Amino acid sequence: MRKAKHNKRQYSNQVKTIYTKIDKRLIPTLPKVAYKGRIVVIETRREMLSAVSYLRKQRVLGLDTETRPNFDRQARHKVALLQVAAEGICFLFRLNRLGLPQELTDLLGDDKILKIGLSFQDDLRSMHARADFKMGRYVELQRLVKEYNIQDMSLQKIYANLFGERISKSQRLSNWEADVLSEAQQQYAAIDAWACIRIYQQLQTMKRIHNYRVVSDVNPSQLVDKVIWSLLA
């Protein structure tokens with residue numbers, strides 16, 4: 001037991017290798033991310049009010065949205081799902097049933113709560129088709145990662161770079177207005193919001209203790225080492 005603790009301490013103190021760009025060919029070889037927190041699907045006003053009350057007490061939230069894919073050039077779909085993640089829980093607000101009520105826009109506009117997202121300006125433009133509101137205190141990860149000389153802009157690549165794990169995108173083009181969201185859809189939606197928080201926290205930790213180095217080329221063996229390190233740390 002003592003030896004295991006020593007190894008864990010040794011790995012947690014080592015320097016992390018971050019890449020300016022990760023080779024997308026390596027991503028399918030990485031272990032798949034699984035969300036282990038609680039997922040709550042919100043479909044009624046009563047559920048929405050309860051969820052918002054809980055979220056207003058949090059300090060940091062991860063955000064994302066999903067829209068029914070458009071396979072017809074003439075069709076236009078509004079945002080169907082708003083994912084809001086907190087520590088250990090993710091709420092999936094079904095906007096196609098709820099609309100975008102004042103309570104939700106007030107949450108998004110709250111300057112006391114830090115919101116984290118990736119390319120969320122695009123999501124905001126889509127959400128404004130449902131209601132007009134002002135966004136509160138917000139961190140855009142695509143801008144933040146540039147401070148670390150990370151050039152990749154997608155959530156999947158940034159997450160793989162930092163954690164050596166793969167976010168599956170298999171549900172991206174599924175029907176987000178379906179009568180019932182499948183477990184796979186719920187997992188996918190929750191991971192995208194939760195991953196924003198985890199990336200932000202990891203970057204803040206790296207900045208605080210400066211235990212990383214940035215290299216321009218991805219060495220496959222180094223990436224395997226990173227996966228092993230992430231499991232032991």
Side-chain angles (χ1 to χ4, degrees), residues 35 37 39-45 47-70 76-148 150 152-159 162 167 172 176-177 181 186 188-204 207:
Y35 179 70
I39 301 175
V40 183
V41 180
I42 306 298
E43 298 186 332
T44 68
R45 177 170 177 79
E47 293 169 343
M48 181 272 298
L49 291 175
S50 178
V52 168
S53 176
Y54 177 88
L55 292 168
R56 294 300 286 262
K57 300 172 186 176
Q58 308 307 307
R59 298 178 61 185
V60 180
L61 301 176
L63 304 177
D64 194 36
T65 69
E66 303 297 340
T67 302
R68 180 179 177 180
N70 182 8
R76 291 292 183 271
H77 303 298
K78 293 183 179 180
V79 176
L81 194 70
L82 169 64
Q83 303 104 276
V84 185
E87 192 69 33
I89 190 169
C90 184
F91 295 95
L92 309 183
F93 295 92
R94 303 206 67 185
L95 302 187
N96 58 310
R97 298 185 179 178
L98 294 166
L100 190 52
Q102 183 72 42
E103 292 82 3
L104 267 179
T105 58
D106 287 346
L107 174 68
L108 295 172
D110 192 334
D111 283 324
K112 296 178 181 179
I113 306 172
L114 180 62
K115 275 79 63 179
I116 315 295
L118 188 140
S119 190
F120 201 70
Q121 292 300 319
D122 295 334
D123 298 295
L124 285 175
R125 281 191 287 270
S126 299
M127 289 173 67
H128 280 143
R130 288 195 175 275
D132 189 26
F133 64 95
K134 182 179 179 181
M135 189 65 178
R137 193 157 63 107
Y138 169 73
V139 170
E140 171 54 60
L141 289 177
Q142 287 186 337
R143 288 197 294 267
L144 184 61
V145 295
K146 291 180 181 179
E147 298 178 14
Y148 299 78
I150 296 174
D152 285 320
M153 294 288 102
S154 76
L155 186 71
Q156 186 184 54
K157 288 184 178 180
I158 294 170
Y159 196 91
L162 293 178
I167 294 178
R172 184 171 65 89
W176 295 103
E177 296 180 8
L181 295 179
Q186 293 181 37
Y188 173 93
I191 286 172
D192 276 6
W194 163 78
C196 290
I197 296 179
R198 192 165 187 223
I199 289 170
Y200 174 76
Q201 292 174 336
Q202 179 68 13
L203 293 175
Q204 292 298 101
K207 184 177 182 179

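We number each residue from 1, following the sequence as shown. Every value quoted in this text rests on a predicted model; they were computed, and no experiment measured them.
Considering only heavy atoms from C-beta on, Q121 comes within 4.5 Å of Y138 through its side chain. With a 4.5 Å cut-off on side-chain heavy atoms, L144 and I199 do not count as touching. Between L92 and V40, the closest side-chain pair of non-hydrogen atoms is not below 4.5 Å. Side-chain contact check for T105 versus D132: every heavy-atom pair is 4.5 Å or farther apart. The closest side-chain heavy-atom distance from L114 to V139 is below 4.5 Å.
The residue from D192, D123, I197, L108 that alone fulfils the side-chain contact (heavy atoms from CB on, under 4.5 Å) condition with L63 is L108. Between R130 and the options L98, N96, L82, a side-chain contact (heavy atoms from CB on, under 4.5 Å) holds for only N96.
Not one N or O on the side chain of Y54 forms a donor-acceptor pair closer than 3.5 Å with the backbone of L49.
Considering CG of L162 and CG of L203, their distance stands at 5.5 Å, rounded to 0.5 Å. In this structure, the separation between CD1 on I191 and SG on C196 is 12.0 Å, given to the nearest 0.5 Å. Interatomic distance, L55 CG to K115 NZ, rounded to the nearest 0.5 Å: 11.0 Å. To the nearest 0.5 angstrom, M48 atom CE is 13.5 Å from E43 atom CD. To the nearest 0.5 Å, the span separating CE on M135 from CZ on F120 amounts to 5.0 Å. Between atom SG of residue C90 and atom CG of residue D64 there is a gap of 9.0 Å, rounded to the nearest 0.5 Å.
For the 3.5 Å distance criterion, the side chains of E66 and Q83 qualify, holding a donor opposite an acceptor.
The two residues V145 and M153 have their closest heavy-atom pair at CG2-CE, 3.8 Å. When all heavy atoms of A86 and Q58 are compared, the pair lying nearest together is CB-CG, 3.9 Å. When all heavy atoms are compared, the tightest approach of K112 to D110 is N-OD1, 2.8 Å. Between H77 and P69, the shortest heavy-atom contact is CD2-O, 3.6 Å. Across all their heavy atoms, W176 and R94 have their closest contact at O-NH2, 3.3 Å.
Between H128 and F133, the two ring planes are tilted [angle within 30° to 60°].
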Dump the intermediate steps for side chain to side chain contact (heavy atoms under 4.5 Å, CB included) on I116 and L141, then the final yes or no.
CA-CA 7 Å; I116 315 295; L141 289 177; 3.8 Å; yes
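Counting heavy-atom neighbours within 6.0 Å of E87 CD, excluding the residue itself, gives a total of 12 or less. More than 12 heavy atoms of other shown residues, nucleotides or ligands fall within 6.0 angstrom of atom CZ in R56.
Salt bridge present: R45 and E103 bring a charged side-chain N and a carboxylate O closer than 4.0 Å.
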